[in-house]
Protein chains: 2
Amino acid sequence: MGVGRITIEDVAAAAGVSRQTVTRAMNGMPEISARTRELVLRTAAELGYRPSRFASNLAARRKSRSVGLVLGSLRNPYYTELAAELLDVVAPRGWHVLMASREQGDDVELVAALSGQADAIVGYFTGDETALVTAARGVPLIQVERAATVPGLHAVVLDFDAAIEALLGELRDRGARRFGLIESGGPPGEEGAGAYRPTRRRRAYERFADSDSAGRVVVADESIRGGADGLARLRAAHPGVDTVLVFNDLMAMGAMQQAQLDGVAVPGDLRVVGVDGLSLGAVMTPPLSTLSIDRRAVATEAADIVGTLLDRAEPPPHPPVVRTVTPRPLWRESA
Amino acid sequence: MGVGRITIEDVAAAAGVSRQTVTRAMNGMPEISARTRELVLRTAAELGYRPSRFASNLAARRKSRSVGLVLGSLRNPYYTELAAELLDVVAPRGWHVLMASREQGDDVELVAALSGQADAIVGYFTGDETALVTAARGVPLIQVERAATVPGLHAVVLDFDAAIEALLGELRDRGARRFGLIESGGPPGEEGAGAYRPTRRRRAYERFADSDSAGRVVVADESIRGGADGLARLRAAHPGVDTVLVFNDLMAMGAMQQAQLDGVAVPGDLRVVGVDGLSLGAVMTPPLSTLSIDRRAVATEAADIVGTLLDRAEPPPHPPVVRTVTPRPLWRESA
DNA sequence: TTGAAAGCGCTAACAG
DNA sequence: CTGTTAGCGCTTTCAA
């Protein structure tokens with residue numbers, strides 16, 4: 001690296017052999033005598049030779065594929081379980097996964113950084129679509145949750161409208177009457193950016209809840225603490241709420257903790273429902289009911305879009321490819 | 001791409017300009033007229049030109065660094081929080097992180113696959129050290145938890161001897177007398193491999209517990225269910241146990257759940273202590289006491305080793321560089 | 001503002 | 001078994 005990188009040429013010269021012989025030794029190829037191989041390996045080690053992965057990938061015309069993955073956070077199991085699923089899905093195809101998290105920086109910057117290393121980028125984006133596509137420099141972007149409207153951008157949409165309508169219906173069947181929502185105000189620490197915009201989950205809630213319930217919304221930090229805090233504020237402002245829908249499971253866990261602290265029985269006094277379907281929710285007391293997002297399906301669809309796009313003969317940017325996954329209620333005991 | 005990849009040359013020909021002009025347009029360089037740039041960009045899009053990241057990295061002599069990260073599982077927050085910390089630590093230096101999980105395959109295979117893409121690989125390895133170093137083909141390996149004994153391998157060691165000795169002492173001060181251990185038998189699904197080997201945590205436990213306690217060990221699946229199952233078996237075999245140390249927090253959560261099912265009060269009837277220090281433990285009822293591993297410190301040390309090694313002028317393989325992190329008890333309420 | 005030449009470091013294909 | 005010859009696809013000089 002930098003000045004005077006040790007190249008295959010240096011090793012060849014030092015060992016008194018040809019470049020090709022060095023290649024054969026380094027890559028454990030067969031057509032070489034044990035002695036020569038050992039000699040080469042030793043001198044390579046002595047010189048500190050480290051092959052350039054760029055040169056070797058280029059020369060070998062390998063088309064090792066790697067997909068970038070931009071997550072909202074690595075501290076929320078929802079995202080990491082999605083990563084786990086994506087890894088499971090792409091590993092058999094021999095693809096690599098490059099991780100990035102929005103905690104590290106801006107959407108667009110991350111995409112720009114990854115675009116030089118990845119053949120496609122899937123992720124949770126919040127930035128401007130055009131800016132994202134520009135930053136991607138031709139690398140296809142697969143956006144999860146949000147729809148895609150510009151060429152070069154594709155999507156695995158989560159249909160929260162259908163899901164939340166169904167959920168509220170089932171909750172009413174179970175006796176729920178006065179709903180409230182704890183909405184996410186974005187990742188912790190990002191407050192003050194003043195950039196709060198209603199999420200699709202909130203919009204779906206407001207659309208399908210009765211009009212009184214639609215007004216009972218508090219915005220809180222997207223974290224366990226935020227959920228606890230949110231519940232405290234929701235109950236203070238709207239004492240009569242009997243059912244609370246929480247932006248995600250992590251926040252719902254905080255809300256449950258807060259309920260316990262306040263002596264509110266769940267689900268007796270208050271039903272709590274999260275969103276995500278984390279397996280950890282089953283360990284709560286009581287186990288958390290949730291609107292479960294099938295992460296395996298999301299990963300499969302995303303990988304499938306990537307595969308389709310990369311194998312396509314026609315020139316990109318391709319018109320948006322969109323798949324839909326609909327979250328489903330997972331009834332445990334908190335509601 | 002397979003046959004007939006579209007290269008910069010094709011674009012140049014189609015646009016009637018030189019390769020260099022295409023480069024300038026694609027990379028947003030200044031020395032080009034707006035018209036030409038637009039023309040080039042358009043024909044590039046029409047042809048579906050996608051630059052080869054290998055060629056461009058090679059030619060530009062970029063030394064974009066990427067570190068591979070091999071985790072035990074992406075479904076255990078311990079590992080993903082470690083990943084989060086590592087990302088935080090390396091992102092400012094502009095390094096990328098390539099993820100892999102042992103759930104996808106063998107240690108050695110993963111290292112072999114990553115070695116062509118990463119400049120260093122840090123991870124939780126269980127395979128044979130020599131085999132790992134061979135698979136790494138000169139790429140430095142930084143092993144977490146286990147010590148490193150062969151050149152090319154380095155380590156961030158977790159000092160469980162010191163940690164568990166201290167932990168048991170503090171537990172005795174709190175009145176604990178009859179200890180038991182729920183040990184990991186490895187990742188779920190891997191049973192039958194018959195490859196169980198006592199972990200360093202178990203060995204430390206057996207060394208520092210009284211001899212009766214040292215015998216009270218059950219081996220269970222490394223999962224929430226495994227922890228639940230382990231506690232059931234431990235209590236059946238050794239009814240008098242008043243304190244149980246669990247291999248990790250995830251398993252400890254399962255154990256707590258089982259205790260609740262069985263009507264065993266925690267910590268009144270049974271103290272439960274996990275290992276890892278997951279923040280999620282704080283949401284349990286009661287909050288989980290644990291032997292906390294400072295993941296930020298592990299990530300920092302690992303990144304530091306990587307930085308040192310890659311900037312070193314002397315030839316690798318370097319003699320092992322070893323740093324140590326000592327876990328510390330984090331008292332919440334379960335013990 | 002544009003183009004021509006000269007590699008980047010490595011491996012495939014072919015000889016010997 | 002080993003060496004030679006051509007590139008891989010792009011970016012950097014340096015001229016024009």
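To find a chain, count down the sequence lines: A is the first, B the second, and so on, and within it residues start at 1. All heavy atoms count here, side chains included; hydrogens, waters and symmetry mates do not.
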5' priority, DNA chain C, between B:S18 and B:A59 [closest heavy atom]:
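It is B:S18 whose nearest nucleotide is closer to the 5' end.
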
Scan residues 19-27 of chain B against DNA chain C and write down, sorted by residue number, each residue with any heavy atom closer than 4.0 Å; if none is found, say none.
B:R19, B:Q20, B:T21, B:R24

Test side-chain contact (heavy atoms from CB on, under 4.5 Å) on B:M26 and B:V11 and set out the steps.
CA-CA 11 Å; B:M26 294 300 293; B:V11 180; over 6 Å; no

Once ring pair (Phe, Tyr, Trp, His ring centres under 6.0 Å) is applied, do any residues pair with A:F54, and if so which ones, sequence neighbours excluded?
none

Minimum-distance nucleotide to B:A60 side chain [options: D:dC10, D:dT2, D:dT11]
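Of the options given, the side chain of B:A60 lies nearest D:dT11.
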
d([atom1], [X]; [atom2], [N]) in whole Å:
{"X": "A:E9", "N": "D:dG3", "atom1": "CD", "atom2": "C1'", "result": "13 Å"}
{"X": "A:F54", "N": "D:dG7", "atom1": "CZ", "atom2": "P", "result": "25 Å"}
{"X": "A:R61", "N": "D:dC10", "atom1": "CZ", "atom2": "C1'", "result": "15 Å"}

Verify the distance criterion only: is there a donor paired with an acceptor across the side chains of A:E103 and A:S101 at less than 3.5 Å?
yes

Counted 5' to 3', the first and last nucleotides of DNA chain C within 4.0 Å (strictly under) of a heavy-atom of chain A are C:dG9 to C:dA13

Scan A:I32 against the nucleic acid and name what it touches under 4.0 Å (heavy atoms): base, sugar-phosphate only, or nothing.
sugar-phosphate

Could you list the residues that satisfy side chain to side chain donor-acceptor pair (under 3.5 Å) with B:T134, not counting sequence neighbours?
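Expected list: none.
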
Walk me through whether A:R19 and A:V22 qualify under side-chain contact (heavy atoms from CB on, under 4.5 Å).
CA-CA 5 Å; A:R19 280 181 340 205; A:V22 176; 5.6 Å; no

Using the side-chain hydrogen bond (donor to acceptor under 3.5 Å, both in side chains) rule, collect all pairs that involve residues 28-41 of chain A, keeping only residues at least two apart or in two chains.
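Sorted result for residues 28-41 of chain A: A:S33-A:T36.
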
Show me the pairs that pass side-chain hydrogen bond (donor to acceptor under 3.5 Å, both in side chains) and involve residues 105-117 of chain B, at least two apart or across chains.
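Pairs touching residues 105-117 of chain B that pass the test: A:S64-B:Q117, B:D107-B:T126.
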
May I ask you to decide if A:S66's main-chain N or O and A:D119's side chain share a donor-acceptor pair within less than 3.5 Å?
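The answer is yes, because a donor-acceptor pair under 3.5 Å joins these two groups.
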
